[in-house]
A.B. asks: 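Sharing a structure below in structure tokens format, with a few things to ask.
Worth saying up front: this structure is predicted, and the values here are computed from it rather than measured. Letters A, B, ... mirror the listed sequences (proteins, then strands); counts begin at 1.
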Amino acid sequence: MKLKIDKNNWEKVKLIDVFTKREENDKVNAKKRFDKFLKVEHMDKESLHIKRWSSQEKGDELNPYFYKIFRKGQILFPTRNPHLRRTALASFDGICGEKTLTLEPNEEFIIPEFIPFLFHSESFYAHTTGVIIGSTNPHCRWRDVANYEFLLPPKDQQNQLAELLWAMDDVIKKEREVLERLNEASQIAFENEIEKSSGELIPLSEVLIPKKAKSQVPHKINRYIGLEHIESGAFSCIEFGNSNEVLAQCNIVEEGDLCYSKLRPYLDKAFIATFQAVSTTELLIYNTHKLSKEFVLYHLHSKPFIHFVTGKGFGTKMPRVSHKIIGEYKVKLVDDEDKILGLMRNFEKSKTNMNTKIINSKALQKSLINQIF
DNA sequence: TTCAATGAGAAGTTCCGGTC
DNA sequence: GACCGGAACTTCTCATTGAA
């Protein structure tokens with residue numbers, strides 16, 4: 001989608017000309033005044049929305065260096081690792097880390113609804129990553145961010161563009177909500193169907209057939225699946241990296257293989273491969289018998305299974321599970337697997353459609369942002 | 001020889017102290 | 001008090017080790 005924008009009357013401004021950096025720190029009472037606190041890990045890449053946070057009420061512990069207060073409507077920009085593209089729009093008042101810039105738009109020049117998208121433009125990313133300093137801690141300074149220059153449209157045009165950008169954002173938000181509901185509903189449906197079915201309980205070790213194929217450097221298969229490419233709770237893996245950049249021995253994943261991440265089992269990373277790839281050796285690769293891979297995958301994502309493996313994790317630095325541990329989990333050898341899978345496939349079809357819609361909507365939104373800023 | 005288990009090092013995040 | 005940057009800690013990748 002190409003926008004016809006005449007930028008002749010747009011004014012070149014520096015970020016510091018149209019934003020005020022707020023420093024509202026309360027080392028003594030911030031903890032008592034605000035329940036919610038936001039860590040960098042709560043901010044998603046290339047998203048303005050805050051979907052997660054920690055809460056003292058829920059028992060999350062507030063770090064001693066979290067005393068910086070942010071207010072609803074402020075732009076939150078973590079200066080550490082700016083290449084990770086994490087900037088959020090505060091949707092509530094709370095506490096954040098000292099290294100997060102809290103920026104307030106100056107309404108004399110800009111319309112608050114318009115400007116947040118600037119922080120997810122390629123131009124802003126290029127600037128902030130270009131001014132990174134520090135070898136052990138890559139970061140940028142406020143004075144370098146403040147000097148970022150961009151073209152600012154007149155206010156009436158800002159209004160029109162804000163409407164367009166938020167309309168697109170709303171589409172993505174609604175599509176994500178639908179996907180979330182579908183995930184919840186399919187999980188409940190699966191557990192109900194298993195409960196209703198009759199059949200003998202058998203350990204997963206009688207179902208799973210480990211695949212041991214390895215790939216040595218240089219890898220002949222182009223795609224690489226690392227743990228960072230696997231979304232928690234997802235049934236397929238959409239993202240991948242380039243195996244040319246991987247210097248280690250890998251597992252070979254064939255299309256249709258059942259894959260399970262043994263590292264930090266509570267992260268719930270399991271999927272059926274939709275393409276051939278090499279992968280991190282933290283992935284266990286399986287074929288199955290007695291039950292289909294698809295059917296077993298629903299078990300691997302079920303709450304009882306995650307609870308089971310989380311409790312059995314071992315290792316000094318990071319909890320892991322092994323094939324042996326997974327094999328101890330008991331599943332029902334149901335008589336009507338096809339009937340259950342038929343129901344689940346309807347869910348999967350809807351989920352795949354929704355995923356495709358989200359990917360397309362995000363690409364369109366990105367294109368709009370980069371045409372404007 | 002194979003492969004599960006482990007830990008070193010890289011990358012990312014929070015803590016902490018110095019300087020202006 | 002704000003700003004800055006290194007230290008310390010956590011998480012993840014990947015090479016090595018040792019048991020089978």
Side-chain angles (χ1 to χ4, degrees), chain A residues 16 20-28 30 37-45 52 54 60-69 76-86 95-103 129 131-147 205 208-219 224-232 239-252 260-267 269 278-286 312-327:
Chain A
I16 196 168
T20 307
K21 185 171 77 67
R22 292 280 175 223
E23 282 298 328
E24 195 182 347
N25 297 322
D26 185 348
K27 291 188 183 182
V28 185
F37 57 102
L38 198 64
K39 297 182 174 188
V40 178
E41 70 199 51
H42 296 131
M43 300 186 197
D44 290 330
K45 187 183 178 184
R52 306 177 300 283
S54 294
D60 299 327
E61 205 160 318
L62 184 65
N63 300 324
Y65 277 77
F66 273 65
Y67 51 77
K68 187 169 186 174
I69 295 160
L76 309 177
F77 173 69
T79 54
R80 287 283 196 248
N81 300 307
H83 54 284
L84 297 179
R85 303 184 165 201
R86 294 192 277 209
I95 310 167
C96 62
E98 52 167 349
K99 291 289 183 275
T100 299
L101 291 177
T102 46
L103 304 173
T129 51
V131 295
I132 285 177
I133 53 168
S135 51
T136 47
N137 293 311
H139 64 281
C140 54
R141 296 170 294 199
W142 158 236
R143 63 168 179 256
D144 293 325
V145 179
N147 282 330
S205 57
L208 296 171
I209 309 164
K211 291 182 78 178
K212 310 274 185 184
K214 300 285 175 196
S215 168
Q216 305 297 336
V217 179
H219 301 293
Y224 167 76
I225 301 173
L227 296 185
E228 75 273 23
H229 299 120
I230 310 163
E231 203 182 316
S232 294
E239 291 184 42
F240 54 85
N242 189 338
S243 67
N244 291 337
E245 292 158 16
V246 181
L247 306 172
Q249 171 186 266
C250 289
N251 293 340
I252 295 177
Y260 177 77
S261 165
K262 59 182 175 178
L263 187 70
R264 296 206 292 157
Y266 51 86
L267 290 180
K269 293 188 172 186
V278 294
S279 79
T280 165
T281 50
E282 297 297 332
L283 272 192
L284 297 168
I285 320 292
Y286 290 116
K312 302 229 169 193
F314 62 86
T316 49
K317 288 187 89 180
M318 186 152 302
R320 285 182 171 103
V321 289
S322 60
H323 167 64
K324 189 170 171 285
I325 291 172
I326 298 165

A.B. asks: Examine distances only and state if a side-chain atom of Lys39(A) and a backbone atom of Ser54(A) form a donor-acceptor pair shorter than 3.5 Å.
C.D. replies: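 Pair absent, no side-chain N/O of Lys39(A) close to backbone of Ser54(A).
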A.B. asks: For Glu282(A) and dA8(B), what is the distance between atoms CD and P respectively, to the nearest whole Å?
C.D. replies: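 Between P of dA8(B) and CD of Glu282(A): 16 Å.
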A.B. asks: Can you tell which of Ile132(A), Asp144(A), Ile133(A) makes a side chain to side chain contact (heavy atoms under 4.5 Å, CB included) with His139(A)?
C.D. replies: Ile133(A)
A.B. asks: Evaluate the criterion side chain to side chain donor-acceptor pair (under 3.5 Å) for residue pair Tyr224(A) and His229(A); output intermediate values, then yes/no.
C.D. replies: CA-CA 9 Å; Tyr224(A) 167 76; His229(A) 299 120; over 6 Å; no
A.B. asks: Can you name the ring-ring contact (aromatic ring centres under 6.0 Å, His included) partners of Phe37(A), sequence neighbours left out?
C.D. replies: none
A.B. asks: Classify His83(A) by what it touches in the nucleic acid, base, sugar-phosphate, or nothing, heavy-atom distance under 4.0 Å.
C.D. replies: sugar-phosphate
A.B. asks: Separation of Lys214(A) atom NZ from dA15(C) atom P, in whole Å?
C.D. replies: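 In whole Å, dA15(C) P lies 12 Å from Lys214(A) NZ.
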A.B. asks: What string of B, S and - do you get for nucleotides 13-20 of chain B 5' to 3' if you count protein non-hydrogen atoms under 4.0 Å?
C.D. replies: BBBB----
A.B. asks: Mind checking Thr280(A) for me? I need base, sugar-phosphate or nothing, with any heavy atom below 4.0 Å counting as a touch.
C.D. replies: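 It contacts nothing in the nucleic acid.
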A.B. asks: Ignoring backbone atoms, establish whether Arg320(A) has a side-chain N or O less than 4.0 Å from OP1 or OP2 of dA5(B).
C.D. replies: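 No, Arg320(A) has no side-chain N/O under 4.0 Å of OP1/OP2 on dA5(B).
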A.B. asks: When you check the phosphate oxygens OP1 and OP2 of dC4(C), does a side-chain N or O of His139(A) lie under 4.0 Å from one of them?
C.D. replies: no
A.B. asks: Please list, chain by chain and in numerical order, all residues satisfying ring-ring contact (aromatic ring centres under 6.0 Å, His included) with Phe240(A), sequence neighbours excluded.
C.D. replies: Phe275(A)
A.B. asks: Apply salt bridge (Lys or Arg N to Asp or Glu O under 4.0 Å) to the pair Glu41(A) and Arg52(A), showing each step before the final yes or no.
C.D. replies: CA-CA 9 Å; Glu41(A) 70 199 51; Arg52(A) 306 177 300 283; over 6 Å; no
A.B. asks: Distance check needed: dA2(C) C1' versus Leu101(A) CG, whole Å only.
C.D. replies: 12 Å
A.B. asks: Rounded to whole Å, please give me the gap between NZ in Lys262(A) and C1' in dT11(C).
C.D. replies: 17 Å
A.B. asks: Mind calculating the distance between CD (Glu23(A)) and C1' (dC4(C)) to the nearest angstrom?
C.D. replies: 12 Å
A.B. asks: Any heavy-atom pair between the side chains of Val131(A) and Arg141(A) that's under 4.5 Å?
C.D. replies: no
A.B. asks: Figure out the CG/P separation between Leu263(A) and dA4(B), and round it to whole Å.
C.D. replies: 15 Å
A.B. asks: How close or far is atom P of dC14(C) from atom CG of Leu283(A), stated in whole angstroms?
C.D. replies: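 Spelled out: CG on Leu283(A) to P on dC14(C) is 12 Å.
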A.B. asks: Kindly indicate whether the side chain of Arg85(A) and the base of dG12(B) share any N or O donor-acceptor pair separated by less than 3.5 Å?
C.D. replies: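 Not at all, since no donor on one side and acceptor on the other fall under 3.5 Å apart.
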A.B. asks: In whole angstrom, what separates Tyr260(A)'s OH from dA4(B)'s P?
C.D. replies: 15 Å
